[in-house]
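Side chains included, hydrogens not; waters and symmetry mates left out as well; all remaining heavy atoms used. In the text below, chain A, chain B and the rest are named by the order of the sequence lines, each starting its count at 1. Just so it is clear, the model here is predicted, and its values are computed rather than measured.
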Amino acid sequence: MKKDVIVRFAPSPTGYLHIGGARTAIFNWLFAQKTGGKLILRIEDTDAQRSTEESIKGIIEGLNWLGITWDEGPYFQTQFINEHHAAAKKLLDSGHAYKCFCSKEELESKRAAALKQKKDVKYDGACRRLTKDEIAEKEARGLPYTLRMKVPNKEGSVSFEDIVYGKIDHKYQDIEDFVIVRSNGQPLYLLSNTVDDIRDRITHVIRGQDGLSNTHRQILIYQALGAPVPQFAHMSLTLDPKKAKISKRKHGELVAVHFYKEHGFLPWAFLNFLVLLGWATPESREIFSKEELIEAFSLEGIGRANSIFNVNKDDPKYFTDPKAVSINAHYLRTMPVDLIAPFVRTELKKAGIWDPEYDAGKRPWFLDTIELIRSRFHLTTDFATRGRAYFSNDFAIEDRALKKNIVKHPQLEQWLPMLADRLEKIAEFTAPETEAVIREMAQALDVKPGVLINGIRTAVTGQLAGPGIFDILTTIGQRRVVDRLRNAPALFKKHW
RNA sequence: GGUCCCAUCGUCUAGCGGUCAGGACGCCGGCCUCUCACGCCGGUAACGCGGGUUCGAACCCCGCUGGGAUCACCA
């Protein structure tokens, strides 16, 4: 019988969901989807000092926003603390672990000395050699102790076949007797995490490459506990342009998933970008629907080399990785309009220019307008900024547009109101009608149509460039166009 | 420092002994046009270095260099 796949995403709730965590979640989710397996969400909250309710909420919100679904959980590691204790006792009783009475201070100084001599900083195994009597004596004195794993003291190595990195070997001699339970009785991550994975019957551990050098120690625990060892797939890490691991501490909001939500990214576009960081298909395909991505996904496609999240805080044009922006722009202009409408609504509401009618009688107009302007937008926030003139009469006139399209042609001060008069008289305010009126007037005035057209564009939208002018006019509507053109002379006053 | 991992355009990457080293983003140019974008066409740009193995290496081996991870009574 084939064993069903069970994977887990096990974040520790010490802050928001960041790029690295999201990537791990995405790969686990995709693998579960692909194989018809299960994804478990398990919150590793045993570090009470740093774990917060708020951050648990943030992580779940981030996953929800990305559209990542899980089949079980969230479970909380603290719920299973008894199991961790039981495992520790089992390890001690079976002789796989031993009590270590070395004090923190002793160990610190030994470590410092080793480091100073540029020697390996391994635990020397002093307490492993304690006799029964010595142990009894120390216990009688009430000395606190930690529990250490007894790493086989022999030739050989612990090795495993990583799905991404291939065969990984560690000699027993290079592995120190690591602590699994603190002197206050608290189990450590290496133990808890392994015990949880055993209980949850995890078949594949998919995690960041920083877990790679923990794996051999965890395998020792699996073996000592007599549990089957899962498959491991370690994913390459995400670095910043200076090749430092991205971190909340160093990069702040820029690596937070919610930052991208707030800055105009479509969740699927962002996920699509993230999955491309360290994963590829043989064809280097880039754009996937959800179904296509699940179909195309495989752990073998995960790269071994770390990748760079190309953020440049000081780049005026791209506040984040240009490729992320471009993928977002791609979805923005190709997704069915009715699917991006909710995102536009969110932005307009945020900007205080939302009209509930856009969801009712004006919905066709709303969708048409999105269709008209979306091809030059990169972010959903653009609808409320660069697209503001379509939704509100209170919009800004761009400085460059004012200079180039208005002030440069002083006669527009007369012409634009004239155009207002003529456009007002049109019975059917359609693109061909407005075009005829404008071109006629250009001819009568003996100016290039572009002068009038661009003047109108700026007076009506405040911008230097945009969609075809006749589409703009019909979209903004006769009433508003006429008003804006009539008020155009004010633009000159502002700029003497 | 010990251990482990990695190395193709600026960035994301394809490549798995014979390719003009492919695609994407960015950048540059052209077409389209009332402007900008979209779209289309074209251009720029890479196998870290040195040794092998081979008729032939981006691909295999060794060394070097460079980068990363980890070495807690954090998770």
Result block: side-chain N/O donor-acceptor pairs under 3.5 angstrom for residues 206-213 of chain A, not counting sequence neighbours:
unit_1	atom_1	unit_2	atom_2	d
Arg207(A)	NH1	Gly211(A)	O	3.4
Arg207(A)	NH1	Thr215(A)	OG1	3.2
Arg207(A)	NH1	His234(A)	NE2	3.2
Arg207(A)	NH2	Gln218(A)	OE1	2.6
Gln209(A)	NE2	Tyr165(A)	OH	3.3
Asp210(A)	OD2	Lys245(A)	NZ	3.2

Query raised in the report: Taking atom C1' in both C32(B) and G42(B), what distance in whole Å separates the two?
Result: 15 Å
Query raised in the report: With a 4.0 Å cut-off on heavy atoms, is Glu44(A) in touch with a base, just the backbone sugar-phosphate, or nothing at all?
Result: sugar-phosphate
Query raised in the report: salt bridge (charged side-chain N to carboxylate O under 4.0 Å, His left out) with Asp315(A): which residues, sequence neighbours excluded?
Result: none
Report summary line: Hits for side chain to side chain contact (heavy atoms under 4.5 Å, CB included) against Ser247(A), two or more places apart or cross-chain, chain-then-number order -> Arg249(A), Lys250(A), His251(A)
Query - Any residue meeting side chain to side chain contact (heavy atoms under 4.5 Å, CB included) with Pro336(A), in chain and number order, not counting sequence neighbours - result: Asp338(A), Leu339(A)
Query raised in the report: P atom, A45(B) versus C40(B): distance in rounded Å?
Result: 23 Å
Report task. Check every strand shown and say whether Arg50(A) touches a base, only sugar-phosphate, or nothing at a heavy-atom separation below 4.0 Å. Result -> base
Report task. Please name all residues satisfying salt bridge (charged side-chain N to carboxylate O under 4.0 Å, His left out) with Asp45(A), sequence neighbours left out, ordered by chain then number. Result -> none
Query raised in the report: Of Thr281(A) and Pro467(A), whose nearest nucleotide on RNA chain B comes first from the 5' end?
Result: Thr281(A)
**Report entry** Pairing nucleotide - C9(B), Watson-Crick or G-U, each distance under 3.5 Å
**Finding:** none
Query raised in the report: Is it true that Arg128(A) and Asp177(A) make a salt bridge, defined as a side-chain N closer than 4.0 Å to a carboxylate O?
Result: yes
Report task. List in numerical order all residues of residues 440-457 of chain A for which some heavy atom is under 4.0 Å away from an atom belonging to RNA chain B. Result -> Ile453(A), Asn454(A), Arg457(A)
Query raised in the report: Using a cut-off of 4.0 Å on non-hydrogen atoms, how would the nucleic acid contact of Ser12(A) be classed: base, sugar-phosphate, or nothing?
Result: sugar-phosphate
**Report entry** Sugar-phosphate only, base, or nothing, as touched by Lys243(A) at under 4.0 Å among non-hydrogen atoms
**Finding:** sugar-phosphate
Requested in this report: Mind checking Thr46(A) for me? I need base, sugar-phosphate or nothing, with any heavy atom below 4.0 Å counting as a touch.
Outcome: sugar-phosphate
Requested in this report: On the 0 to 90° scale, with breaks at 30° and 60°, tag the Phe270(A)-Tyr260(A) ring pair as parallel, tilted or perpendicular.
Outcome: parallel
Query raised in the report: With a 4.0 Å cut-off, would you call Glu292(A) and Arg285(A) a salt bridge?
Result: yes
Pair up each side-chain donor or acceptor in residues 437-450 of chain A with any protein partner under 3.5 Å, not counting sequence neighbours, and list the distances.
unit_1	atom_1	unit_2	atom_2	d
Arg439(A)	NE	Glu435(A)	OE2	2.8
Arg439(A)	NH2	Glu435(A)	OE2	3.1

Query raised in the report: Reckon Gln463(A) touches a base, only the sugar-phosphate, or nothing at all at heavy-atom distances under 4.0 Å?
Result: nothing
Query raised in the report: Could you walk me through whether Tyr331(A) and Ile340(A) pass the side-chain contact (heavy atoms from CB on, under 4.5 Å) check?
Result: CA-CA 9 Å; Tyr331(A) 280 103; Ile340(A) 67 169; over 6 Å; no
Query raised in the report: For U3(B), which nucleotide in any strand shown is its Watson-Crick or wobble partner with both distances under 3.5 Å?
Result: A69(B)
Requested in this report: Determine the Euclidean distance between corresponding P atoms of G10(B) and A46(B); express it in Å to zero decimal places.
Outcome: 7 Å
Query raised in the report: In residues 145-158 of chain A, which residues come under 4.0 Å of RNA chain B by heavy atom?
Result: Thr146(A)
Query - Phe391(A)/Phe383(A) aromatic ring centres below 6.0 Å - result: no
Query raised in the report: For Gly468(A), which contact category applies under a 4.0 Å heavy-atom criterion: base, sugar-phosphate, or nothing?
Result: base
Query - Integer angstrom distance from the P of U44(B) to that of A37(B) - result: 22 Å
Query raised in the report: Expressed in whole Å, how much space separates the P atoms belonging to A14(B) and G48(B)?
Result: 14 Å
**Report entry** C60(B): pairing nucleotide in any strand, Watson-Crick or G-U under 3.5 angstrom
**Finding:** G52(B)
**Report entry** Centroid-centroid under 6.0 Å between His216(A) and Phe160(A) rings
**Finding:** no
Report task. Indicate yes or no: does Arg42(A) engage Glu44(A) in a salt bridge with an N to O separation below 4.0 Å. Result -> yes
Report task. Quote, to the nearest angstrom, the C1' distance that separates G56(B) from A21(B). Result -> 16 Å
Report task. Please list residues of residues 181-199 of chain A whose heavy atoms come under 4.0 Å from any atom in RNA chain B, ordered by number; otherwise none. Result -> Arg182(A), Ser183(A), Leu188(A), Tyr189(A)
Report task. Answer with base, sugar-phosphate or nothing: what part of the nucleic acid does Phe309(A) contact at a heavy-atom distance below 4.0 Å? Result -> nothing
Report task. Please work out if His170(A) contacts a base, only the sugar-phosphate, or nothing of the nucleic acid, heavy-atom cut-off 4.0 Å. Result -> sugar-phosphate
Query - Counterpart residues, salt bridge (charged side-chain N to carboxylate O under 4.0 Å, His left out), relative to Arg484(A) (two or more places apart) - result: none
Query raised in the report: For Phe80(A), which residues count as a ring pair (Phe, Tyr, Trp, His ring centres under 6.0 Å) partner, sequence neighbours excluded?
Result: none
Report summary line: Scanning all shown strands, the Watson-Crick or wobble mate of C16(B) with both distances under 3.5 Å is none
Query raised in the report: Using a heavy-atom cut-off of 4.0 Å to chain A, what are the terminal contacting nucleotides of RNA chain B, in 5' to 3' order?
Result: G1(B) to A75(B)
Query raised in the report: When you compare G52(B) with C9(B), how far apart are their C1' atoms, in angstrom units rounded to a whole number?
Result: 28 Å
Query - Test: Arg8(A) and Asp197(A) ion pair at under 4.0 Å - result: yes
Report task. Quick one: label Ile469(A) by what it contacts on the DNA or RNA (base, sugar-phosphate, nothing), any heavy atom closer than 4.0 Å. Result -> base
Report task. Could you check which nucleotide pairs with G39(B) in any of the strands shown, counting Watson-Crick or G-U wobble with both distances under 3.5 Å? Result -> C31(B)
Requested in this report: Classify the nucleic acid contact of Arg439(A) as base, sugar-phosphate or nothing, counting any heavy atom under 4.0 Å across all strands shown.
Outcome: sugar-phosphate
**Report entry** C1'-based separation of C16(B) from C60(B) [nearest Å]
**Finding:** 11 Å
Query raised in the report: Base, sugar-phosphate, or nothing for Lys317(A), non-hydrogen atoms under 4.0 angstrom?
Result: sugar-phosphate
**Report entry** 5′-ward residue of the pair Lys242(A)/Phe101(A) relative to RNA chain B
**Finding:** Lys242(A)
